[in-house]
Amino acid sequence: MTRILTVPTQPIEGQKPGTSGLRKKTRIFMGPHYLENFTQSVFDAIGGVQGKMLVLGGDGRYFNDRAVQVILRMAAANGAGRVVVGQGGLLSTPAASNLIRKLGADGGIILSASHNPGGIDEDFGMKFNGANGGPAPESVTDLIYARTQDLTEYHIFETADLDLSVIGESVMGDMAVEIVDPVADYAQLMGDLFDFEQIRNLFIGGFRMRVDAMHAVTGPYAKAILEEILGAPKGTVVNGTPSPDFGGGHPDPNPVWAKDLMEVMFSDNAPDFGAASDGDGDRNMIVGRGIYVTPSDSLAVLAANAHLAPAYAKGLAGIARSMPTSRAADRVAAKLGIECHETPTGWKFFGNLLDAGRVTICGEESAGTGSDHVREKDGLWAVLLWLNILARRIEPVQQIMSAHWAEYGRNYYSRHDYEAIPSERANALIQRLRDIAGDLPGQQFQGLTVESADDFAYLDPVDGSSSKGQGLRIGFSDGSRVVLRLSGTGTEGATLRVYLERYEADPTRHDLPVDEALAPVIAAAEEIALIREFTGRDAPDVTT
Ligand code: G1P
Ligand code: ZN
């Protein structure tokens with residue numbers, strides 16, 4: 001017996017989607033009506049799903065499989081026409097974005113808490129992407145949130161679970177369900193963008209790399225594309241099988257959490273190139289033999305060299321970076337004579353610029369890089385673009401970086417995170433900076449003179465929408481900069497992020513230890529923002 005149930009419910013507090021959808025502790029998502037309420041709110045907020053086509057999948061974390069079954073039953077009960085699901089309920093975020101665009105779907109639901117750990121006591125998340133394949137803009141997430149506040153019922157189909165392990169078509173009530181290979185379409189897209197022949201030759205020539213998939217969703221994609229299609233030796237991809245708790249690890253590709261990869265890349269028998277990706281496959285970490293490439297530098301190098309890959313051979317329309325990302329990419333844009341945009345944190349702000357053809361490449365300091373091929377950041381895409389560049393330039397990463405800095409100057413950069421601090425203290429720190437920002441220009445701190453200070457507000461040049469209160473920017477006359485903002489993705493208390501940057505034009509000073517190069521900027525940030533006093537902490541929890 002199958003039937004549609006209409007279940008009376010009540011609004012649930014706190015279902016406010018942030019920059020990347022709704023993220024909560026897994027047990028909260030598993031609580032009574034929680035997932036159902038949010039799903040119904042999403043459906044209602046987008047004007048219902050009657051007759052629509054949706055893409056559905058997630059990063060394989062704990063509860064992914066159950067949530068997919070619930071969402072399918074709710075989509076069927078709400079009259080959806082077709083849902084395309086990745087086999088096993090899996091889809092990386094960029095692959096989901098590609099599928100939405102390629103199939104002309106009305107949108108998609110991605111289940112992930114990105115780089116946050118997975119497990120019953122860790123994090124879960126759900127995000128809605130629109131027909132352009134990108135994260136829902138604020139206007140839509142506001143509607144979703146508003147709907148969570150007045151929801152009184154949800155609809156769900158009562159039926160047995162669908163077997164998601166077999167590729168093919170089936171039905172749930174009147175709704176078609178198509179289970180697809182999560183990798184195939186994405187692999188094809190990558191083959192269209194990059195010179196696979198040249199990359200294959202690189203591996204034939206003995207080039208070696210190591211990809212740490214961190215037990216997350218990138219594993220199957222990286223194995224298929226690098227090892228099977230491009231001929232990298234078996235074993236190039238490590239930790240390549242997605243597990244519900246990511247092997248007990250923290251699938252965040254940075255030098256702290258991808259420590260094993262860093263050790264290998266800095267050892268005597270390091271391969272030529274190393275990379276890692278996060279839970280849902282949209283972030284990347286790039287590391288050469290003996291050299292870590294910051295995401296801000298990676299964006300700049302990719303932009304400067306993108307023309308070496310077939311898809312970008314005609315050049316770039318423009319570059320966009322999130323506000324806290326270092327300004328290394330701006331120098332490349334200036335030299336290329338193309339548009340350069342500074343947007344608030346979060347990939348969704350790139351969507352309009354990409355849709356309007358104003359920019360081709362985008363990036364964030366938080367290990368996100370991507371282009372107009374999808375509407376999400378894309379970890380493996382960044383790795384493949386690097387490979388394409390390496391295959392053309394035949395130079396070690398170290399040499400590519402030195403040459404880049406010699407040409408453009410080096411933007412030393414670091415981010416300091418203070419995690420799980422009481423929200424009222426974090427808010428007070430930011431509020432105080434807002435209050436004093438107007439008085440800072442002209443003042444000196446640790447020998448640095450403040451040139452400008454504001455709370456970043458963004459006016460979208462495409463749709464004219466504005467986003468205020470996006471973070472404090474303090475610029476100094478020597479080109480250094482400090483940015484302070486509160487994280488929008490944390491699940492416990494507040495996370496204060498302090499972004500530190502210093503520009504150095506002199507090539508004889510491009511080999512300084514980062515901490516040494518940034519020391520005056522770090523000290524000035526402390527003197528201006530009184531971070532110790534407000535947070536009660538002596539040092540950041542995480543430095544990347
Ligand atoms: C963080 C990153 C941001 C990224 C977001 C989603 O947000 O800083 O660049 O877009 O995760 O992956 P935050 O926690 O800083 O708000
Ligand atoms: Zn992610």
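Numbers for residues simply follow the sequence, beginning at 1. As the structure lists them, so they are numbered: ligands from 1, and atoms in each ligand from 1.
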Considering the heavy atoms of [X], write down every atom of ligand 1 situated less than 4.0 Å from one of them.
{"X": "Glu365", "result": "8 (O)"}
{"X": "Thr345", "result": "3 (C), 8 (O), 9 (O)"}
{"X": "Gly346", "result": "10 (O)"}

### Task
Mind checking whether Lys377 contacts ligand 1 via backbone (N, CA, C, O), side chain (CB onward), both or neither, at a 4.0 Å heavy-atom cut-off?
side chain
### Message
In this structure, does ligand 1 have an atom that sits under 4.0 Å from one of the heavy atoms of Ser322?
### Response
no
Name of the [X] N, O or S atom nearest the Zn ion (ligand 2)?
{"X": "Asp280", "value": "OD1"}
{"X": "Asp278", "value": "OD2"}
{"X": "Asp282", "value": "OD1"}

Between [X] and [Y], does any side-chain N to carboxylate O distance fall below 4.0 Å?
{"X": "Asp121", "Y": "Lys25", "result": "no"}
{"X": "Arg283", "Y": "Asp252", "result": "yes"}
{"X": "Arg321", "Y": "Glu342", "result": "yes"}
{"X": "Glu365", "Y": "Arg497", "result": "no"}
{"X": "Arg23", "Y": "Asp123", "result": "no"}

[X] N/O to ligand 1 N/O under 3.5 Å:
{"X": "Arg485", "answer": "yes"}
{"X": "Arg497", "answer": "yes"}
{"X": "Arg23", "answer": "no"}

Checking a contact table here: which protein heavy atom is nearest [atom], and how many Å away?
{"atom": "atom 16 (O) of ligand 1", "result": "Gly488 N, 2.6 Å"}
{"atom": "atom 9 (O) of ligand 1", "result": "Ser366 OG, 2.6 Å"}
{"atom": "atom 6 (C) of ligand 1", "result": "Ser20 OG, 3.1 Å"}
{"atom": "atom 11 (O) of ligand 1", "result": "Arg283 NH2, 3.0 Å"}
{"atom": "atom 7 (O) of ligand 1", "result": "Thr489 CG2, 3.6 Å"}
{"atom": "atom 4 (C) of ligand 1", "result": "Glu364 OE1, 3.5 Å"}

### Heteroatom N/O/S of Asp59 within less than 2.8 Å of the Zn ion (ligand 2)
no
### Task
Tell me, please, if Ser112 has any N/O/S atom, main chain or side chain, under 2.8 Å from the Zn ion (ligand 2)?
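No.
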### Query
Is the Lys NZ or Arg CZ of Arg425 less than 6.0 Å from the centre of Tyr418's six-membered ring, within 45° of the axis?
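No cation-pi geometry.
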Under 3.5 Å, is there a donor on one side chain and an acceptor on the other for [X] and [Y]?
{"X": "Ser487", "Y": "Thr495", "result": "no"}
{"X": "Ser243", "Y": "Asp245", "result": "yes"}
{"X": "His373", "Y": "Asp378", "result": "yes"}

### Query
Can we call the ring centroids of Phe63 and Phe29 under 6.0 Å apart?
no
### Non-hydrogen side-chain atoms of Asn129 and Ile110 separated by less than 4.5 Å
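Contact flag for Asn129/Ile110 side chains = yes.
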